[in-house]
Q: 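Below is one structure. I have some questions about it.
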Amino acid sequence: MVTNSSNTKSTTHKPAPNSVDELLERASLLAGLTLGELAQIENIRVPDDFKREKGWSGQLLELALGAQAGSKAQQDFANIGVELKTIPIDTNGNPLETTYVCYAHLTDIAGIQWATSSVRNKLNKVLWVPIDGRRDIPPAERCIGTPFLWSLQGEQEAYLRQDWEEIMDMIAMGDIEKVTARHGEFMQLRPKAANGSALTDAIGKNGQIIQTRPRGFYLRKEFTRKILRDYFS
DNA sequence: GAGTGATCATAG
DNA sequence: CTATGATCACTC
């Protein structure tokens, strides 16, 4: 039932969890609920599809778990160093979409190291929340799966680091226009903007500033599939 | 059908 | 515009 007419935006939100355990505890209570049921608890309406509200699921979970809403370039739960990511899955538990990591800066990148990069920081600790993402099911009926904590390390970190360095090298060399989503085995760079007319500064072939479409880093499905498989099997 | 490139909403 | 939350939708 979709009867929220006011949908008053609350200016107050839940307090953020004070520990990872508390976050996991809260998150585990959501497993098994449908998005419709959680939306009712949080008193927000559910869209009939995500054509015009693509980030709706993620924002619902932020609300339910007490993440700071907003667009700060930091982890969702900065006090405990955890990032929240919802991930749409099919009936086999495989990812249906790539996963956005962070915005990519295309200038002033000299001296940026992997260890202190935005990608590394964002993925240090992630609370993954699988959600049924089948498009033939209305969002309200889609079920929330079992949330789990994951850390970027070992072989997985090495893979992402390699992709990141390859892409960043191209950007630094003024080859941003040569970078396509086909680069990177496990992490790719793709446009990230409100529309095709958005432009931002980047490094040109002769070191000058050029204008190009804003980009973001995304995890390929093969990478997140492994994360899910490692946890659930 | 999969994957790349494009796009939607919102906050600051 | 930057940056967050992502999924859409067209092309291959």
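Lettering follows sequence order; numbering is per chain, from 1. The shown structure was predicted, so the numbers you read here are calculated from the model rather than taken from an experiment. These values consider heavy atoms only, across backbone and side chains, with no hydrogens, waters or symmetry-generated copies.
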Q: Both A:S71 and A:H183 contact DNA chain B. Taking the nearest nucleotide for each, which residue is further toward the 5' end?
A: A:H183
Q: Can you pull out the residues from residues 184-192 of chain A that lie within a 4.0 Å heavy-atom distance of DNA chain B?
A: A:Q188, A:R190, A:P191, A:K192
Q: Could you tell me whether the phosphate oxygens of C:dT4, OP1 or OP2, come under 4.0 Å of any side-chain nitrogen or oxygen in A:Y103?
A: no
Q: Within the 4.0 Å heavy-atom criterion, would you say A:L199 contacts the bases, only the backbone, or no part of the nucleic acid?
A: sugar-phosphate
Q: Output the rounded distance in Å from CG (A:L35) to P (C:dG5).
A: 17 Å
Q: Would you kindly give the CG-to-C1' distance between A:N195 and B:dA9, to the nearest whole Å?
A: 12 Å
Q: For A:T99 and A:Q211, find the nucleotide of DNA chain C closest to each by heavy atoms; which residue's nucleotide sits nearer the 5' end?
A: A:Q211
Q: Separation of A:R142 atom CZ from C:dT7 atom P, in whole Å?
A: 9 Å
Q: State whether A:K85 and A:E97 are salt-bridged, where the test is any N-O pair (Lys NZ or Arg NE/NH1/NH2 against Asp/Glu carboxylate O) under 4.0 Å.
A: no
Q: Does the pair A:E177/A:R215 count as a salt bridge with the N-to-O cut at 4.0 Å?
A: yes
Q: Please give, in whole Å, the distance from C:dG5 C1' to A:L65 CG?
A: 14 Å
Q: Mind checking A:D49 for me? I need base, sugar-phosphate or nothing, with any heavy atom below 4.0 Å counting as a touch.
A: nothing
Q: How many Å lie between NZ on A:K54 and P on B:dA9, as a whole number?
A: 9 Å
Q: Please state whether the phosphate of B:dA6, meaning OP1 or OP2, lies under 4.0 angstrom from any side-chain nitrogen or oxygen of A:R213.
A: yes
Q: Please round to the nearest 0.5 Å and tell me the distance separating atom CG of A:L189 and atom CE of A:M168.
A: 9.0 Å
Q: Look up atom CD in A:E166 and atom CE in A:M187, then write down how far apart they are to the nearest 0.5 Å.
A: 10.0 Å
Q: Would you indicate what A:E83 reaches in the nucleic acid, counting non-hydrogen atoms under 4.0 angstrom: base, sugar-phosphate, or nothing?
A: sugar-phosphate
Q: Parallel, tilted or perpendicular: which one describes the rings of A:F232 and A:F148, with boundaries at 30° and 60°?
A: perpendicular
Q: Is A:L38 close to A:L61 at the side-chain level, that is, under 4.5 Å between some pair of heavy atoms?
A: yes
Q: Quickly work out the A:D201 CG to C:dT2 P distance and round it to whole Å.
A: 7 Å
Q: Within the 4.0 Å heavy-atom criterion, would you say A:A193 contacts the bases, only the backbone, or no part of the nucleic acid?
A: base
Q: Roughly, in whole Å, what's the span from NZ in A:K85 to P in C:dT7?
A: 10 Å
Q: OP1, OP2 of B:dG3 versus side-chain N and O of A:T98: anything below 4.0 Å?
A: no
Q: Atom pairs under 3.5 Å, N or O on each side, protein against nucleotides 9-12 of chain C: can you list them with distances?
A:
none

Q: Check the side chains of A:R190 and A:T98 for a donor-acceptor pair under 3.5 angstrom, ignoring hydrogens and angles.
A: yes
Q: Using OP1 and OP2 only, check whether a side-chain N or O of A:R215 sits under 4.0 Å from B:dG5.
A: no
Q: Should A:R220 and A:E185 count as an ion pair when the cut-off is N to O under 4.0 Å?
A: no
Q: Checking only heavy atoms, does the side chain of A:Y218 share a donor-acceptor pair with the base of C:dA6 at less than 3.5 Å?
A: yes
Q: Once you apply a heavy-atom cut-off of 4.0 Å, does A:G58 come out as touching a base, just sugar-phosphate, or nothing?
A: sugar-phosphate
Q: Which part of the nucleic acid, if any, lies within reach of A:Y100 when heavy atoms closer than 4.0 Å are counted: base, sugar-phosphate only, or nothing?
A: base
Q: So does A:K226 pair up with A:E155, basic N to acidic O under 4.0 Å?
A: no
Q: Below the 4.0 Å mark, does C:dT2 have OP1 or OP2 next to a side-chain nitrogen or oxygen of A:T200?
A: yes
Q: Just how far, in rounded Å, is C1' of C:dT7 from CD1 of A:I131?
A: 13 Å
Q: Please check if the number of heavy atoms outside A:E157 that lie under 6.0 Å from its CD is greater than 12.
A: yes
Q: Report the distance from atom CD1 of A:I176 to atom OG1 of A:T107, rounding to the nearest 0.5 Å.
A: 11.0 Å
